[in-house]
Amino acid sequence: MALKATIFKATLHIANMDRHYYADHHLTVARHPSETDERMMIRLLAFALNASDTLEFTKGLSTDDEPELWQKSLSDEIELWIDLGLPEEDRIRKACNRSQRVILYTYGGRGVPVWWDKHHNKLERFGNLTIVDLAAEQTSQLAALAERSMTFQVSVQDGEVTLSNDSNLVSITPEQKMPKI
């Protein structure tokens with residue numbers, strides 16, 4: 001018998017001073033049976049960092065030809081493709097060809113430098129690709145905040161992200177690997 005997704009409810013009160021974006025989002029997140037709390041919380045973080053009225057979660061892990069999140073135009077063109085993890089170069093190439101902008105959030109600690117060394121030369125040719133690395137110790141703190149019903153104050157200022165609830169506060173400093181600024 002196939003396992004079913006676990007449903008999580010999240011409310012994000014976002015104050016992104018870097019993008020001048022201020023809004024509340026009430027989200028329903030389906031966590032695939034093989035997905036960890038860390039990965040699900042990184043999806044929420046990616047949503048918070050790129051939030052808009054048209055950004056939405058996709059089928060994610062259960063399909064190969066969709067990202068974790070995307071933003072589409074009214075004419076159904078993909079404006080923003082957001083993926084997580086350490087994908088192969090061909091998946092990133094397909095994403096860059098299908099979307100105006102692609103953001104990849106890498107995580108996983110020691111595996112990231114190995115992946116980066118293997119792929120960075122090929123990835124530099126994609127002008128619409130941004131790669132952002134999340135430190136393992138920060139994503140594990142983020143994973144500890146996972147609950148079936150969550151409410152977070154999300155503050156983004158000068159590239160630093162702070163997520164807080166009634167009893168915890170986690171600071172995350174995403175490192176942009178590509179393009180270099």
Side-chain angles (χ1 to χ4, degrees), residues 2-12 14 16 25-52 55-71 78 80-92 94-96 99 101-116 118-119 123 129-154 156 159-165 168-178:
L3 297 174
K4 294 183 179 181
T6 304
I7 302 301
F8 288 77
K9 299 284 187 176
T11 300
L12 304 179
I14 301 170
N16 188 328
H25 290 273
H26 304 282
L27 307 170
T28 300
V29 181
R31 188 181 76 195
H32 191 273
S34 66
E35 186 175 31
T36 64
D37 283 345
E38 178 182 39
R39 190 172 197 288
M40 180 193 65
M41 294 301 288
I42 292 171
R43 282 197 295 144
L44 278 176
L45 174 65
F47 184 96
L49 289 171
N50 300 281
S52 76
L55 185 66
E56 59 186 11
F57 293 101
T58 66
K59 295 175 185 167
L61 283 175
S62 61
T63 183
D64 288 336
D65 59 344
E66 289 184 4
E68 296 301 324
L69 298 121
W70 62 16
Q71 180 176 315
I78 303 171
L80 177 60
W81 176 294
I82 298 174
D83 238 335
L84 308 177
L86 306 173
E88 290 300 318
E89 186 265 340
D90 62 328
R91 178 171 171 82
I92 297 169
K94 287 177 188 175
C96 289
S99 178
R101 238 175 31 134
V102 176
I103 301 175
L104 172 63
Y105 290 94
T106 61
Y107 69 98
R110 295 182 300 189
V112 175
V114 173
W115 176 87
W116 179 248
K118 179 180 177 186
H119 295 289
L123 299 179
L129 174 63
T130 302
I131 299 177
V132 179
D133 186 42
L134 303 170
E137 54 277 352
Q138 294 174 351
T139 59
S140 64
Q141 291 173 3
L142 184 62
L145 299 179
E147 295 178 4
R148 294 288 296 271
S149 180
M150 305 174 272
T151 300
F152 294 110
Q153 304 295 325
V154 182
V156 182
E160 185 167 331
V161 185
T162 305
L163 282 95
S164 60
N165 58 19
N168 296 298
L169 181 127
V170 173
S171 290
I172 297 174
T173 308
E175 178 191 342
Q176 189 162 330
K177 289 188 158 300
M178 201 178 104

Relative to the ring of W81, is the ring of W70 parallel (under 30°), tilted (30 to 60°) or perpendicular (over 60°)? perpendicular

V170 and Q138, any side-chain heavy atoms less than 4.5 Å apart: no

Is any side-chain heavy atom of M178 closer than 4.5 Å to a side-chain heavy atom of L129? yes

What distance do S140 atom OG and D37 atom CG have between them, rounded to the nearest 0.5 Å? 12.0 Å

Minimal heavy-atom distance between E147 and F8, with the atoms involved, is O-CD2, 2.9 Å

Between P67 and R91, the two heavy atoms sitting closest are CA-NH2, 3.9 Å

E160 side-chain N/O to S171 backbone N/O, donor-acceptor pair under 3.5 Å: no

Here's a test for you: under side-chain contact (heavy atoms from CB on, under 4.5 Å), which of V161, L84, T139 qualifies with L45? V161

How far does CD1 of I131 sit from CD1 of I92, to the nearest 0.5 angstrom? 5.5 Å

Just so I know, are the side chains of R148 and T6 near enough to count as touching, which here means a heavy-atom distance under 4.5 Å? yes

Measure the CD1-CD distance between I103 and Q176 for me, rounded to the nearest 0.5 Å. 8.5 Å

For D133, check salt bridge (charged side-chain N to carboxylate O under 4.0 Å, His left out) against everything at least two apart and list the hits. none

Looking at side-chain heavy atoms only, is the closest gap between R43 and M40 below 4.5 Å? yes

Counting distance only, does the side-chain N/O of W115 pair as donor-acceptor with the main-chain N or O of P87 below 3.5 Å? yes

Note, T162 side chain near L169 side chain (heavy atom, < 4.5 Å): yes

Smallest heavy-atom separation, P174 atom then G159 atom, equals CD-O, 3.3 Å

When rounded to the nearest 0.5 Å, the distance separating CG of L12 from OG1 of T151 is 8.5 Å

Do the side chains of I82 and Q71 get nearer than 4.5 Å, heavy atoms only? no

Shortest non-hydrogen separation from I7 to A30 and the atoms involved: CD1-CB, 3.9 Å

Which atom of L145 lies closest to which atom of M150, heavy atoms considered: O-SD, 3.9 Å

Any chance you could measure F152, atom CZ, to L44, atom CG, to the nearest 0.5 Å? 7.0 Å

Within this structure, what is the CD-OG1 distance for the pair E68 and T58, rounded to the nearest 0.5 Å? 6.0 Å

I'd like to know whether Y105 forms a side-chain contact (heavy atoms from CB on, under 4.5 Å) with L49, so could you lay out the CA-CA distance, the side-chain angles of the two residues, the decisive distance to 0.1 Å, and finally the verdict. CA-CA 11 Å; Y105 290 94; L49 289 171; 3.8 Å; yes

Minimum heavy-atom separation for E35 and R39, please, with both atom names. OE2-NH1, 3.4 Å

Say whether, by atom type as modelled, one donor and one acceptor occur between the side chain of S99 and the main chain of C96 under 3.5 angstrom. no

Verify, without hydrogens or angle tests, whether H32 (side chain) and S34 (backbone) share a donor-acceptor contact under 3.5 angstrom. yes

Are any of the side-chain heavy atoms of H119 and E88 separated by less than 4.5 Å? yes

